[in-house]
Amino acid sequence: MAATYDIAIEQGADWSRDLFLTTATQGAINISGRTFSSQIRQYPSGSVATSINCTVVSAAGGQLRLSVTSAASLLVPTAGAKYDLFMVTSAGVSSRLLAGSVTLTPRITIP
């Protein structure tokens, strides 16, 4: 079962979060050869509001960076948004790692 991790994104601003994938007993998971994908939707069956970029920062250290550009943050629904994060191994095994709510802090200043 995926862990729950809620995120907050500021509308019109770049957002990123570094995750460190570990096991309880062996430390960092080597994520070499694995791919990651993540999307934000208002409803599970709804259209994709925006994708969350997934970048491996340190494969041996299990470090993964999730990010949303300022332009993409403008596409996040103001209420009810959800996301999840999937990992696919080189053998094609897919695992859902995280899921949660996305809170959007509305933009006030318009440049």
Side-chain angles (χ1 to χ4, degrees):
M1 176 170 231
T4 300
Y5 182 71
D6 297 335
I7 60 176
I9 296 175
E10 294 179 357
Q11 187 180 43
D14 293 322
W15 173 88
S16 70
R17 203 60 85 238
D18 282 8
L19 303 176
F20 293 87
L21 306 180
T22 62
T23 67
T25 58
Q26 297 177 347
I29 297 170
N30 188 327
I31 55 175
S32 295
R34 299 176 188 200
T35 59
F36 298 86
S37 60
S38 183
Q39 298 175 338
I40 298 174
R41 298 173 189 252
Q42 190 164 20
Y43 306 102
S45 60
S47 60
V48 175
T50 192
S51 292
I52 298 175
N53 300 314
C54 303
T55 306
V56 174
V57 176
S58 171
Q63 185 178 0
L64 178 69
R65 179 167 295 140
L66 305 182
S67 63
V68 175
T69 65
S70 58
S73 73
L74 297 172
L75 304 173
V76 175
T78 57
K82 306 280 187 208
Y83 85 102
D84 57 12
L85 170 68
F86 275 83
M87 175 180 71
V88 179
T89 67
S90 57
V93 177
S94 180
S95 301
R96 187 177 187 214
L97 302 179
L98 290 176
S101 297
V102 179
T103 301
L104 183 73
T105 304
R107 181 179 188 155
I108 304 302
T109 301
I110 306 298

Tell me which donor-acceptor pairs under 3.5 Å the side chains of residues 84-91 have, and how far apart each pair is, sequence neighbours excluded?
residue	atom	partner	partner atom	Å
Asp84	OD2	Arg96	NE	3.3
Thr89	OG1	Ala91	N	3.3
Thr89	OG1	Val93	N	3.2

Could you tabulate the donor-acceptor pairs under 3.5 Å formed by side-chain atoms of residues 99-111, not counting sequence neighbours?
residue	atom	partner	partner atom	Å
Ser101	OG	Lys82	NZ	3.1
Arg107	NE	Thr109	O	2.7

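In this structure, the separation between CG on Leu64 and CZ on Arg34 is 11.5 Å, given to the nearest 0.5 Å. Residue Arg41 holds its CZ atom at 8.5 Å from OG of Ser51, rounded to the nearest 0.5 Å.
Here the closest heavy-atom approach between residue Ser70 and residue Gly12 is recorded as CB-O, 3.3 Å. Scanning all heavy atoms of the two residues, the minimum distance from Ile52 to Tyr83 falls at CD1-CD1, 4.0 Å. Minimum interatomic distance between Ser73 and Val68 (heavy atoms only, all atoms of both residues): N-CG1, 3.6 Å. In this structure, Ile40 and Pro77 approach most closely via the heavy-atom pair CG2-CD, 4.3 Å.
Side-chain atoms of Gln39 do not come within 3.5 Å of backbone N or O of Ala49 as any donor-acceptor pair. The backbone N or O of Glu10 lies less than 3.5 Å from no partner atom in the side chain of Trp15, so there is not a single donor-acceptor pair. Side chain of Asp18 to main chain of Arg65: no donor-acceptor pair is present (N/O by atom type, distance under 3.5 Å, no hydrogens or angles).
Here the side chains of Phe36 and Leu21 are in contact, with some heavy-atom distance below 4.5 Å.
A single hydrophobic cluster is not seen to contain both Leu75 and Ile7; linkage of ILVMFWY side chains at heavy-atom distances under 4.5 Å, directly or through other members, places them apart. Residues Leu98 and Val76 are members of one and the same hydrophobic cluster, defined by side-chain heavy-atom contacts under 4.5 angstrom among Ile, Leu, Val, Met, Phe, Trp and Tyr. Under a hydrophobic-cluster definition in which Ile, Leu, Val, Met, Phe, Trp and Tyr are linked whenever side-chain heavy atoms come within less than 4.5 Å, directly or via other members, Leu19 and Ile29 are assigned to the same cluster.
Looking at residues two or more places apart in sequence or on another chain, you find no side chain to side chain donor-acceptor pair (under 3.5 Å) involving Gln11. Scored by the side-chain contact (heavy atoms from CB on, under 4.5 Å) test, Ser67 finds Ser16, Asn53 as partners (sequence neighbours excluded). Looking at residues two or more places apart in sequence or on another chain, you find a side-chain contact (heavy atoms from CB on, under 4.5 Å) between Ala59 and Asn30, Ile31, Ser32, Val56.
Among pairs with a residue in residues 19-28, none fulfils side-chain hydrogen bond (donor to acceptor under 3.5 Å, both in side chains), at least two apart in sequence or across chains.
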